[in-house]
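Below is one structure, written out as structure tokens; the observations come after it.
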Amino acid sequence: MSRFLSNRVSHKIAASAVASFLLLFAFPGDAPAQNAANGVYAIRGAEIFTISGAPIEHGVVVIRDGKIAAVGADVPVPADAQVIDGSGLQVYPGMFDPVTQIGLEEVEAVRATEDTNETGEFNPDVTAATAFNADSSHVDVTRAAGITEVLTVPGALGGFGGGGSNSVIGGNASAVNLGGWNINDMAIKRHAAMELTWPSISTGSFDLTTFTFRQLPFDQAKKQYQAKVDALSDLFDQARHYATAMKGGATDFPRNLKLEALVPVVEGNEPLLVVAFSERDIRNAVDFCEKQKVRMILGGATEAWKTTDLLKKDDIPVIVGPILSIPQTDDDPYDAAYAMPAQLHEAGIKIAFASFNTSFSRRLPQYAGTAVGYGLPRDEALKAVTVNAAQMLGLGDIGTIEPGKVANVVVTDGDLLELRTHVKYLFIKGQMTSLDNKQLDLYQRYSHRPKPARD
Amino acid sequence: MLKDGIIAAVGTNVSVPREAAIIDGTGLTVYPGLIDAGTAVGLPAAEAEQPAARGRGPRSASAAPQKISLGPQDRPQTTPWNIAANDLNPADPRVEKWRGAGFTTALVQPTGGIFPGQGSVVAFGGDRPGEMVVAPRVTLGIAFDTSGNFANFPTSLMGSIAYVRQVFIDTRWYQDAETIYNANHQLERPPYDRTEAVVGEALNHHELVLLPANEKLSIYRAIRLANEWQINAAIYGVQQGYAMANEIAASKLPVFVNVNWPKMEKGADEDQITLRQLRFWDRAPSTPSALSKAGVTYAFYSGALSDPKEILKNVKKAIDAGLAPDAALKAMTITPAQILGVADRLGSIQQGKIANLVVADGDIFTEKTKIKDVFVDGKRYQIHEEPSSAAPGGPTASPADATGGEAQP
Amino acid sequence: MIAKTNTKIVTNTCTMPNAHRSPALCIGLILLAAIAIVALPGAAQDQANVTLIKNATVITITHGRIEHASVLIRDGKIAAIGTDVQAPAGAKVIDASGMYVMPGIVDCHTHIAVDGDVNEGSTSVSSMVNIKDVLNPYDVNMYHELAGGVVIGNVLHGSANPIGGQTIVIKFKYGAPPDELPFPGALPGIKFALGENVKHSNFGGPVPRYPETRMGVEETIRDAFTRAKEYQKAWADYNRRKAAGEQNLIPPRRDLQLDPLVEVLEGKRYIHCHSYVSDEILMLIRVANEFGFKVRTFQHVLEGYKVADEMVQEGAGGSTFSDWWAYKMEAYEAIPYNAALMTRRGVIVSVNSDDPEEARHLNQEAAKSMRYGDLTENEALRLVTLNPAIQLGIDNHVGSIEVGKDADLVIYDHDPLSVYAVVQKTIIDGNVYFDRAQDIAGRAALAKEKQELLDKQKNANKPAPKAGSETEQKPKESKAKKHRKTPEFAELVGGGR
């Protein structure tokens, strides 16, 4: 029995997929939606959440040439459109998971499948898209939950990433559509952000050679930490000099790929995604970014609720996550992580949700919904799984349903954030995309196992 | 009046024989020699300096080389046959230090491992090891140590407890089996196991089995296990006794309180400190007074303190936290003597008891008081002032201390 | 005040293939259009132990949902349920208007509340160790889980060994003496584990250990039960001879490793077996049949959907994750439809946490089986209430809201199957163990106390540490720390571990 099943990404809905729709989504009287050869679709009669404006109770969304052509209550349905009956359904922009490692790993425990974390502390020149496995089961499975784009991020992700915890600069995170023929087809932006896991002062570590837990005195741990931060500062200074030399047209210096990779960062053209969790680390990281004058996005940020003044002052957006976490310390409020998005939002800070994980990427709406229960307005939660992260990363084409935007759209039978909601249809770059995936296949196969004869 | 190492008489109207050496005690106070109810002073350095990770924690590499142990049958970390009386070193410099601080007697208990050995009541005087011994086999020490790695049984606290449970079961089985076998030599001979034999003897001697019990949870556990195992037990550590005084009183178990009160380490990472720890550090010194109020029988011991003057300072903290000075003194004299079964000979100034005395120029709990003389078995030791370069007496830093957690006897 | 529940408990010896089990103890009859229910006969006159939860949507699990209903609690038990139930004078009243009351969540797989390592990993058969010896009622995770609606946990040894340690079911009475935690009368358990963890597949140990293959795992278990049977026979022989009056018999040794296995053979101890792939699940069923014991639950059982029929035949329950997968090879074919598919085939299924964070939103995890597999609302909620109670043999007492059952309840502000639901109160034996409003109200005082104690410690440590030092370059750091720390804590007299 093979344990290495993988699905080809497919744009066409195969006959079996049609059958699966019929099995799973019993809407009597529905004609199953067909892939439109001309790429023109009209979703009619659904409740539309454009995210850019007020929801439209019953409207039409027209998709053409990979983009949203029109959206509104009274938009006419084009004659050449494949019509999808949206009565009783809801339409949203596809969700965006801005910190994940989808495509970079298959089975966390199996090293050969891991391309998440290059060895060494500073790897600004590596790029996630290079290693992106378009045929990973994670792509299909995650897409089926309504996520149309991800930022796949190399590096330690503050400990949530695969591999060892040595990494400081993990590399270029790539924005990728979860549908397409191969990475060239799927990539939105290869160098969308630079990952940096802020070094921690760690007094405890696990020694793999003696298999024991080592305790380091605090001031020693501090020294180690300071050394790392100094090295990081040096590197950025060097990158700045390199940039100046390059711009000045100097030719008499050796090419340095690592420094070159940092040039867009130090020039403010590529955001720096800094992953930090504790209050102390967040303050140190913000301080560093201020000095280095880089465009900072704070990721993780469990204790960010203790630093809202600072984040607001510097207008630093925050990718929170994962929200379903226990408090950083025993004495923190039990709902510290759950309530944090609301607190940040109230302080005027722009937030987005992320999974910081591969196999849990599909929990993105669950994170957002939980935060709503603990005080985040639902409108904001919806933005925080669609357009906010796109804006943080300068990806202007995605995240809302507006004419001219890329048609990454999800159609559901209920509230996008709710746990029992089913995804009915999914569009990526204006093409209806299969919801078929390995898990659905297994479910169907074993649903059809003949029942044993009862005595 | 002391004669031949014994208190011959005490009172306001004692007739002084002509041959007596007279010491003018005007303005001085005489106390019974203080008893430290748990220390490794007098034992060889290698054993004594081990960070005795009672409870859990990695063992020092200087211990006996670890064989791989895969289960209780391999008797891991088990040396109950180590009797303190057999390993005493009268030239251990700490003996003199302890004596100089007023301690004439101690329960000297081997440390290191799950069954580290048997403790002896020891007098801090004498030239030869044998002269120091007051009672050779008084306690059987137990600590729920773990191997500190993932390969050797026991790796877990529950493994350690299960191991001790099995040892008691095996010991009692051996006693039964041996009895039956000795009357019936045609039966299958029960195999000889040194641990079973030695622990059996200790139980037959009614030695006090020492169970670790520093915080609430381990105090509950020790009370429960003492009951389950039907042993003559005492609990040691008990720094969270302030929260458990009634339960301890109800159990009727005698208590050894570690006066090395936990506190925040200098330069500790404040982010890692919890409210729970802070409360523990704040309230621990109030334990003795809580135990007194509840009617618990308790004695003080020094734990890992390396400067015996710290012992009295720490007892003073307990007095500041509400303990009556009288009660404090008892916990260092008559009560440990009673618990250890030597109260007929030690613990108070009474005719017939061993002449262990402390002569001080004031109240012993006042910091500026100086100790002038200490008598051990009637021999006088004059105490001279040390130059004040004494190293601060604090616990050696260890992971357990950093978290203010498990105490060390 | 905790009412003592010392009543003799009927142990559940029924097999579990049927999806519906009527609890044995059901005095009242609860209808969808409810009428007031008669109170428990012989109720005490004292009203101090009486609480009324008023005017909520009561989700009974066994008898549907009742709108605008109240639940009367007396002496720790559910005394009455219905739309017309009134509070006797002097009773405590909890106004739950607009809220939802459901049975407290039962987590069938947890490792919280354990003092020390949760694995005795040195030996592949560690049945001599017992979680009961190391229960820790002060674990703050317990409080966090109460805040997530969990009231009962099946506290398990870890998955390091094919045969692990003895396990126990507890009520989450946070802060109570450890002896008050075990669920009265619940049968004890033992943890088995199959697959990659016990084979050390994904980490290197200091020394290699048998077994390293699934084949060896089977033989480890067979060998242990072979020895257990010999041990059982040796004792039976001895007892028989002694009873017949024979003298001078040396008894066999008591072996703490084999005692629990004999209890398994005698049906007095449940097996909870961590397992993933179909072949190993089938293996244990086969070995169980060979030696004549039963498997109570397969835990995780992520490929349970492939062998659901075999599980039903064995009478084993499945306790699984909602949607975890792909973290190791044996989890690669896990599907989020597992719970639903097994349910449809007739397995009694629960959804568990195995994780202190996951346990805080098991209601959410249960709801996922409505998306993945189309379970109904009640089927989904059963996954974390009545079903785990059945699996643990405690469904006579908990798992649904019925007169006579323990008052272990949770109050939510939204439908518990909604992602927006937040626990307001968690009640065990009629006592409130978590109250969100009180928790929030108490934070400032705890923060103040912590700062005061911290300052006291620092002053005692003369000299004071360098100002603003330990952490970073900016002095405002230490100022911010003073304002912002808000320690979180339930009342815990004495603190400490």
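First the proteins, then the strands, lettered A, B, ... as listed; each starts at 1. This is a predicted model, so every value here is computed, not measured.
For B/E188, the CD atom counts as loosely surrounded, since its 6.0 Å shell holds 12 or fewer non-hydrogen atoms of other residues, nucleotides or ligands.
Residue contact with chain C, scored on non-hydrogen atoms closer than 4.5 Å, involves the side chain of B/R224 exclusively. For B/L70, the parts sitting under 4.5 Å from any heavy atom of chain C are the backbone and the side chain alike. Interface residue C/N119: only backbone heavy atoms are found under 4.5 Å from chain B. Only the backbone of C/V118 comes within contact range of chain B, with heavy atoms under 4.5 Å apart.
Judged as a ring pair (Phe, Tyr, Trp, His ring centres under 6.0 Å), the pairs with a partner in residues 162-184 of chain B (not counting sequence neighbours) are, in order, B/F168-B/W229, B/Y181-B/H185.
Not one N or O on the side chain of B/R221 forms a donor-acceptor pair closer than 3.5 Å with the backbone of C/V134. At least one donor-acceptor pair under 3.5 Å links the side chain of C/K450 to the backbone N or O of B/I273.
How far CG of B/N152 is from OG1 of C/T123: 11.5 Å, rounded to the nearest 0.5 Å.
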Handout entry: C/D255 vs B/Q166, side-chain contact (heavy atoms from CB on, under 4.5 Å): CA-CA, chis, key distance, verdict
Key = CA-CA 7 Å; C/D255 187 337; B/Q166 185 70 63; 4.2 Å; yes
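Between B/E247 and C/P177, the closest side-chain pair of non-hydrogen atoms is not below 4.5 Å. Looking at B/L278 and C/L454, their side chains come closer than 4.5 Å, going by heavy atoms from C-beta outward.
With salt bridges taken as basic N to acidic carboxylate O contacts below 4.0 Å, one links C/R253 and B/E196.
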